[in-house]
There are 2 protein chains.
Amino acid sequence: MYVSTPPKFGQTIAPHSRPRQDFRRAAPQTRSLAEGAHLFHEGDAARSLYIVNTGILRLIRYQENGQRRVLGFCYPGDAAGFPLDGRHAADCEAVVPAQVAILKSNGLQAGSIHPRLQQKLLDAALQEISCMQDHFMTLGRKSATQKLASFLLLCADRIGRPLGGCTHFDLPMPRRDIADYLGLTPETVSRAFTQLRNMKALMLDHIYTVVLLDRALLESLSEDAD
Amino acid sequence: MYVSTPPKFGQTIAPHSRPRQDFRRAAPQTRSLAEGAHLFHEGDAARSLYIVNTGILRLIRYQENGQRRVLGFCYPGDAAGFPLDGRHAADCEAVVPAQVAILKSNGLQAGSIHPRLQQKLLDAALQEISCMQDHFMTLGRKSATQKLASFLLLCADRIGRPLGGCTHFDLPMPRRDIADYLGLTPETVSRAFTQLRNMKALMLDHIYTVVLLDRALLESLSEDAD
DNA sequence: CGCGGTCTTGAGGTATCTCAATTGGAGTGG
DNA sequence: CCACTCCAATTGAGATACCTCAAGACCGCG
């Protein structure tokens, strides 16, 4: 019932519901990342934008006191590495082995790139903004169980696969990541999992394999704040 | 010592530290908003992007149960109204009387706009992403006092003006807005103000006029999580 | 098979929320 | 000009959810 490391993600991940940009023509180059390998660090000059092909990335920022915060996860199809003033504003690591497409973007600041590519970049950035806004709704004034429910529904949309009438997926990240993403402690995340299990909203086959039993229940949880 | 409505913002607001886009040529049209007037609603077709000239806007989203969340404030120079799939994803209202420049953006999705304008839009979107990431750092696992300290420092950067060696500014929004922005209750925000006052970090001339006495103290507060 | 790390579970402390009462000021009408 | 109402902000007391610290369970790995 216990596994100390998240499951290895294969190269096959289900398509996701959201519309997203197709950068294949613009980015023939790819790069493979081992589990835990970093793609870039905070402060690095941003020479490229990356599109996740397979695997999952996490964006991390540390505070002065060393506290870690997970700003977001990048699933296949997502863009990572949006620069600010030509620099990356966060660390980016592979949660599981991943492959990313590389978009050379020296001109991303200079305006020297192809208009159609720029259009795709803008659309990707707008998508990112919308996605972050959704996350804001999750972070403020919600209980731990509600936050976890929201997070799991998001996971289901992005990496869920059907399993006998239900949706299931392998959580690629450890509890610590989820906690730092939701603004909780790992202990509280664990307790929230237990609570959702007791409510029969989900099952945990391993600790990293989630089977959603009652999606409606999770949705009503994530929506109602009391 | 008590004022029931936020102060009226004049047309003169100090310039801000952040670099931002200059849309003046592209957007000769402007629109004036009375206090509380809405600029657009969630779900509206996004025909324009807006640049704040004067005043302050707030982006708001409501949950199914009616809970309100303030996603962000738009200060002079900021862009508001980034669309997702051609629609606005949040309500936008004027916190105080405001004037915005209108950027017709029918082609924002179609890619038919001028490359240089598109470049500015992309830069504005990247700025927005970075700004939201900063807010994430504030929302998770920080005490109420730390959140408020972070927020006030942000205000000081955007609308602060020097006053006898200190920085001061008029808080344009009521406590409820600050609470919904920081994921707290108005009562807790009020208590956090009292605590910061007791620490001699700031003074409240009216309840809406903040004078920062000890910026270093606020900064150490907002950075250290314990 | 034992070590190391992650996850879970428990007990107690603490910060925030909730509910309620009070204060203070602005706007209104006499 | 003053009394009144209305509303936001403040303050207080109690309940509650989460954090902290600690121990135990479980598994992968050497």
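We name chains A, B, ... by the order of the sequence lines, and we start the count at 1 in each one.
Put simply, NE2 on A:His206 is 14 Å from P on C:dT8, counting in whole angstrom units. Computed from coordinates, the B:Arg191 CZ to C:dT16 C1' distance equals 8 Å when rounded to whole Å. For the pair B:Leu182 CG and C:dC17 C1', the interatomic distance rounds to 15 Å; values are reported in whole Å. In this structure, B:Ile207 places its CD1 atom 9 Å from P of C:dA26, rounding to the nearest Å. In this structure, CD of A:Gln146 is placed 13 Å from C1' of C:dC17, rounded to the nearest angstrom. Note: CZ (B:Arg141) to C1' (D:dC19) measures 8 Å, nearest angstrom. Look at CG on A:Leu184: it is 14 Å from C1' on D:dT20, rounded to the nearest Å. For the pair B:Leu221 CG and C:dA15 C1', the interatomic distance rounds to 15 Å; values are reported in whole Å.
Of the possible polar contacts, one joining the B:Arg69 side chain to the A:Gly140 backbone as a donor-acceptor pair under 3.5 Å is found.
Listed candidates were C:dC7, C:dC17, D:dT10. Nearest to the side chain of A:Ser190 is C:dC7. Set against C:dT9, C:dC7, C:dT16, the side chain of A:Tyr208 has C:dC7 as its closest nucleotide. Closest to the B:Glu187 side chain, of the nucleotides C:dT8, C:dT18, D:dA9, is C:dT18. Comparing D:dT10, D:dA13, D:dC18 against the side chain of B:Leu204 picks out D:dT10 as the nearest. Checked against D:dT10, C:dT9, C:dC17, the side chain of B:Arg175 finds its nearest nucleotide in D:dT10.
The ring pair (Phe, Tyr, Trp, His ring centres under 6.0 Å) search around A:Tyr181 returns A:Phe73, A:His135, A:Phe151, not counting sequence neighbours. With sequence neighbours excluded, no residue satisfies ring pair (Phe, Tyr, Trp, His ring centres under 6.0 Å) with B:Phe169.
By the 4.5 Å heavy-atom criterion applied to side chains, B:Leu57 and B:Val52 are counted as neighbours.
Stacking of A:Arg175 on the aromatic ring of A:Phe193 is recorded, both the 6.0 Å distance cut-off and the 45° axial limit being met.
For A:Thr185 and D:dC18, the shortest distance from a side-chain N or O to OP1 or OP2 is not below 4.0 Å. Neither OP1 nor OP2 of D:dC18 sits under 4.0 Å from any side-chain N or O of A:Thr188.
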